[in-house]
Amino acid sequence: MSTATHSHGEGHGAHYPRLYINRLGFWLFLFSESMLFAGLLASRFYLRGLSRPEELSQSLGLGITVILLVSSLTAYLSETAISHGDRPAFLRYTLYTMVLGAIFLGGVAFEWTAAFQHFPPSSPFGTVFFAMTGMHAFHVLSGIFLLGLVYYNGRRGAYGPEDAWPPEAVVKYWHFVDVVWVFFYAALYLVA
Amino acid sequence: MNRDGVIVAILWVVMTAIGEWIALTARFMPMVGAEEAAVIDEAFTLLLVLAVPVATLVLAFFFYSILRFRAKDGEETQEGPPVRGNNALAILWVLGSLILAVYIVFNPGLKGIRELEASKGQEELVIQIEGVQWHWNVSYPDYDLSYERALQIALPVDTRVRFDITSQDVLHSVWVPAFRMKMDAVPGRVTTLYVTPTEVGDFSVDPNLRVQCAELCGTGHPLMRMDVRVLEPEEFQEWIQEAKEMVMGSGMEGMDMSGQEMSGEMSGDMSGEKSGESSSDSQ
Amino acid sequence: MKPVFKGILWAVLGAILGIALLVVIRLAFGLPAWKAGPAVAMGYLFGLSGWLLGVGVWDYWALGWLGRPNKQYTTTGWRRYFDFDTDHKVIGIQYGVLLVILFLIAGLLAMVVRYELMRPGRDLLNSAEYNNMMSLHGTTMVFVAVATIMGAFGNYLVPIMIGADDMAYPRLNALSFWFVPPVGFLLLGAALAGGYDTGWTGYTPLATVTRMGAMFYNLAFLTIGFSSILGSINIITTVITMRAPGLTWGRLPIFVWSILGTAALSMLFTQFVGLAMLMTVLDRVAGFSFFDPSRGGNPILYQHVFWFYSHPAVYVMILPAFGIALEIISHFARKPLFAYKWAVAGMLGVVVMSAIVWAHHMFTAGLEEKLAIPFMISTELISVPTGMVFLAALGTLWHGKLNLKTPMLFALAVIFNFLIGGITGVFLSDVPVDMHLQDTYFVVAHFHYTIVGGGIFGLFAGIYYWFPKMTGRMYNEKLGKLHFWWMFIGFNLTFLPMFWLGINGMNRRIADYMPQLGGLNMWVSMAAFFLGASFIVFVYNMVVSWVRGEQAAANPWGARTLEWLIPSPPPLHNFPTEPQVVDDPYGYGVPGSVHARLAAAPSPAPASD
Ligand code: HEA
Ligand code: HEA
Ligand code: CUA
Ligand SMILES: [Cu+2]
């Protein structure tokens with residue numbers, strides 16, 4: 001007690017359960033992040049109006065969007081699994097989610113190689129295209145990293161019905177990133 | 001209570017009277033060189049007139065309270081009356097400031113904008129100004145005259161002039177203090193500014209008759225100035241002729257400033273600075 | 001100290017790694033190995049990550065993620081202030097001291113600026129150097145003004161004032177502080193990389209083509225932005241969830257309300273300045289074309305994105321100062337805060353409205369036609385909620401028993417100065433008048449009256465007010481008053497004439513001006529030196545009093561909020577027992593009224609988990 005550190009760090013004396021506090025802070029974080037994406041979205045329309053180039057591969061865009069949406073489903077299943085204490089299912093679905101996320105990233109990377117030909121970052125549409133997909137891909141990547149952490153710890157016996165916050169948070173983040181993509185997909189592939 | 005209130009009220013009236021007297025008689029603005037300047041000065045004065053009673057109201061209460069209600073020695077631990085607020089007063093305050101705020105939207109605000117826009121589309125002369133790090137290029141398309149590194153421009157008096165402003169590189173801004181008008185020069189687009197000069201004169205008469213770059217554009221920013229010469233129409237025609245001859249004859253890019261020197265160190269200051277590192281930066 | 005050294009070491013390694021990675025990638029793509037822009041960006045990104053990992057993220061988070069026990073630093077004494085310490089009081093002081101030092105440095109830069117402007121023509125600096133000094137002064141000061149009150153007083157006091165033991169996320173709190181030293185490093189680095197001449201606003205396209213120092217500015221703004229987002233989420237969560245029993249929203253000290261409003265602003269808008277900076281960096285190092293019109297970009301976009309944050313940011317600077325001023329005015333007038341609910345409503349109104357006024361900085365920027373009018377209207381309406389704070393201040397003073405101690409003097413000066421700053425803001429919000437005044441010294445005067453006259457005077461009010469609580473020692477009241485009068489007079493003598501300068505044709509950000517303005521500029525410079533000298537009194541007073549000032553009582557002011565119920569300085573866990581809040585903190589004049597009770601017998605210290 002006499003040392004200068006608070007042991008596990010997190011403060012006490014709260015009048016809400018720790019889980020509530022965590023959830024609140026996390027929602028605020030997501031809210032705050034959504035402003036970043038809103039800013040990108042607004043910039044896209046400010047600069048390019050409703051125009052978009054023909055060269056975008058519609059089928060690829062639709063494909064990776066579907067994949068990402070499916071990954072949201074598997075993420076949801078993994079969260080429910082751990083909250084019911086079903087560790088194998090939790091691990092399985094987490095893994096699926098990561099794989100689907102990786103496929104999505106692969107799709108984006110593939111799209112990029114084509115995009116470099118038709119509208120490089122220095123071109124009017126390329127600027128917003130690469131900035132938006134890049135920012136989003138960065139979030140997917142960090143989501144995969146976090147899922148990996150959760151997976152790693154889950155394999156080593158962490159989490160359970162009473163202690164499901166880290167998986168829950170990661171899955172929420174994953175859903176958030178997916179929802180953002182829905183907007184970005186519409187703004188990049190569907191407008192006009 | 002009442003006594004305090006009465007004193008503050010008197011104080012307010014007195015301070016307001018003094019303030020309004022200053023607001024209405026003192027001349028804060030420099031030379032009025034254009035119709036637009038008169039509009040803007042009027043707006044400024046009106047805002048001043050309206051600001052005075054607001055400021056004096058706050059200050060009367062403020063200073064009176066500080067002088068009158070300060071705790072004397074030994075009174076430090078005494079406490080004031082437990083007044084927690086007064087909703088009627090608060091509503092009055094909010095309504096008052098709301099009415100004032102809405103009023104100024106209309107009166108100097110929208111009214112002034114309308115007056116400034118009155119000459120829109122009725123220009124009798126167009127002057128194109130292009131900002132470059134760090135000088136201006138000017139052309140008079142009506143007269144087939146254009147020159148670079150300009151050190152002066154001329155305008156005929158009482159003529160509606162439209163400036164078409166743009167930039168080659170970074171942001172600049174065309175500001176003539178005597179006209180009170182300012183507009184940024186934005187690369188990739190043309191912005192416009194309307195002025196109707198009303199006073200004949202030039203930089204040597206009043207230094208506010210100058211184009212001053214008013215948007216930070218790098219090292220040469222303070223020196224991006226041009227003399228503004230407001231001339232009688234005939235003189236203006238002569239000026240155009242002379243200018244044409246100078247531009248064509250000598251091949252000179254710039255034109256002399258008439259009768260005063262603008263800081264001469266410009267070239268020394270800016271040498272080798274242009275655009276910084278970006279050029280060396282791109283592979 | 002260990003984490004700091006570790007952080008530095010890891011930062012250097014990270015920077016090397018980042019640059020090496022870049023070189024490898026570039027070679028792989030067949031590009032020349034070296035390019036300065038991307039190298040700075042990558043080096044910084046990896047260096048920053050290294051710094052954060054080294055300073056605490058590795059020990060406090062990563063080890064836990066990897067299934068190993070988190071390390072704990074167990075430093076005591078002054079070394080705590082150089083550690084990754086999670087105690088909100090330590091973090092508050094870390095913020096405070098670091099930012100006051102930055103403030104003094106930036107103030108000295110202002111002295112250089114004023115020295116140059118004493119006479120027309122250029123004597124000390126050439127134009128490029130002047131622009132560097134001016135930009136560094138503005139940027140550093142803005143960082144100070146945005147971060148100090150929330151970072152220092154917000155961290156130190158909010159948990160105590162709501163009766164909590166710490167913030168909701170102490171580790172995150174420490175992390176948000178450790179983002180700040182890299183900002184100082186970047187500002188220094190900018191100077192070494194040739195400086196930058198874009199002002200604190202960093203407008204493109206200038207910012208993309210000018211010296212490399214401008215990118216340091218971009219990165220610095222990004223970094224401090226991260227820090228304030230994390231900090232604000234923490235504060236909001238703390239205030240919502242960790243208030244002591246009985247501390248209802250209607251009883252919350254006004255200072256806590258102001259910090260809450262500030263945090264909401266930071267949380268919602270800081271993204272945008274990050275975005276603006278990011279887009280600039282992308283334009284510069286990766287060949288994007290957000291702002292290059294020759295390739296389809298638009299420089300005006302930068303201004304929209306930048307001001308969408310930076311206008312709310314000016315309220316980030318002023319709201320906490322209002323909070324401090326009202327808090328102090330109530331306790332030193334020994335009267336309840338007048339029209340408390342209206343003051344809170346005013347602050348929240350400002351939070352909401354500040355989202356819709358940003359383009360008043362762009363009236364002359366070639367804004368889209370007709371867009372100026374709605375922004376003029378919203379800007380003029382924002383005076384109304386701001387004015388409610390004045391109502392609260394004046395109503396509280398009326399018939400009070402004013403103790404004109406140093407904190408109170410500073411608090412009163414906030415009201416006086418901001419009145420001038422605010423009203424001149426209304427002048428600028430009028431589109432026709434702004435046609436003339438935009439980018440002149442009128443604006444410079446306006447914002448020094450608001451930021452310095454409001455924000456910085458509020459900061460000093462807070463420093464004097466809470467100095468006894470934070471250090472356990474009293475400052476010297478005589479010197480405090482001397483500092484106040486000296487600073488107050490110097491401030492007004494310096495900045496009042498600037499209004500006139502601006503009106504009469506002096507534009508900002510120039511090393512050289514029209515000769516006929518020479519006399520007044522000389523006056524302003526002299527006054528500025530006078531003003532600057534007042535801070536020597538301040539520094540002397542603080543240092544000497546901290547080292548050997550008189551011991552401070554728990555409650556030297558007879559104030560009522562929770563921090564004054566516990567000893568000075570507060571013990572490690574703030575409260576021996578959980579406080580019970582029974583009424584609002586402003587019950588002056590009501591016999592027997594109290595804000596909160598601490599149970600008499602401290603129960604055994606609660607296990608800290
Ligand atoms: C703490 C910082 C702060 C604060 C609080 C404010 C507050 C305000 N500011 Fe200021 N401003 C800056 C900091 C600040 N500003 C900075 C840094 C810049 C320059 C940026 C740059 O370019 O570098 C700037 C620039 C700036 C501009 C752009 C100028 C230009 O470049 O052309 C404008 C224009 O509208 C403006 C307006 C206002 C208004 C209307 C308020 C209002 O919020 C003020 C409201 C307060 C009052 C009006 C007084 C009290 C009210 C009453 C007593 C009630 C009754 C009054 C009425 C109804 C009128 N400010
Ligand atoms: C918090 C904000 C803040 C503060 C406190 C100040 C403080 C001061 N500012 Fe600044 N200023 C800005 C924010 C601020 N400024 C901004 C945002 C800009 C715009 C930049 C831009 O255009 O981009 C600006 C621009 C600006 C200009 C215009 C430059 C230009 O446009 O060309 C000027 C000119 O006079 C100026 C002057 C001053 C002065 C004299 C002070 C004085 O108050 C300073 C007082 C002096 C000190 C604080 C130093 C004292 C220290 C000592 C004496 C040392 C003692 C220390 C020890 C013993 C260790 N400032
Ligand atoms: Cu051109 Cu400033
Ligand atoms: Cu603003």
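Hydrogens, waters and symmetry mates are skipped; everything else that's a heavy atom, side chains included, is used. Quick note on labels: first sequence line is chain A, next is B, and so on, each numbered from 1.
Between A/H136 and A/W181, the angle of the ring planes lies from 30° to 60°, which puts this pair in the tilted group.
Across A/S32, A/G126, A/G134, the residue that shares the most heavy-atom pairs under 4.5 angstrom with chain C is A/S32. With respect to chain A, the highest number of heavy-atom pairs below 4.5 Å among C/V305, C/L301, C/N298 belongs to C/L301. Among C/G297, C/S266, C/P245, the residue making the largest number of heavy-atom pairs under 4.5 Å with chain A is C/P245.
C/R243 forms a cation-pi arrangement with C/W249, by the criterion of a distance under 6.0 Å to the ring centre and an angle within 45° of the ring axis.
Heavy-atom distances place no part of C/P159 under 4.5 Å from chain A, backbone and side chain included. For chain A, the nearby parts of C/I240 are the backbone and the side chain; heavy atoms of each come within less than 4.5 Å. Interface residue A/F29: backbone and side-chain heavy atoms are both found under 4.5 Å from chain C. Neither the backbone nor the side chain of A/F37 comes within contact range of chain C; no heavy atom of the residue lies under 4.5 Å from a heavy atom of that chain. For C/L268, the parts sitting under 4.5 Å from any heavy atom of chain A are the backbone and the side chain alike. Only the side chain of A/Y20 comes within less than 4.5 Å of a heavy atom in chain C; its backbone stays farther off. Neither the backbone nor the side chain of C/N70 comes within less than 4.5 Å of any heavy atom of chain A. Contact annotation for C/F272: only side-chain heavy atoms (C-beta onward) come within less than 4.5 Å of a heavy atom of chain A. Looking at A/S123, the atoms closer than 4.5 Å to chain C (heavy atoms on both sides) all sit in the backbone: N, CA, C or O.
At a threshold of 4.5 Å between non-hydrogen side-chain atoms, the residues A/F116 and A/F130 count as touching. Side-chain contact between A/L188 and A/R52 is absent, with no heavy-atom pair separated by less than 4.5 Å. Contact annotation: the side chain of A/F184 never approaches that of A/R44 to less than 4.5 Å [non-hydrogen atoms, C-beta and beyond].
A donor-acceptor pair shorter than 3.5 Å can be found between the side chains of A/W112 and A/T133.
Checked by atom type and distance alone, the side chain of A/R23 never pairs as donor or acceptor with a backbone atom of A/W165 at under 3.5 Å. Between the C/H311 side chain and the C/W307 main chain, no donor and acceptor come within less than 3.5 Å of each other.
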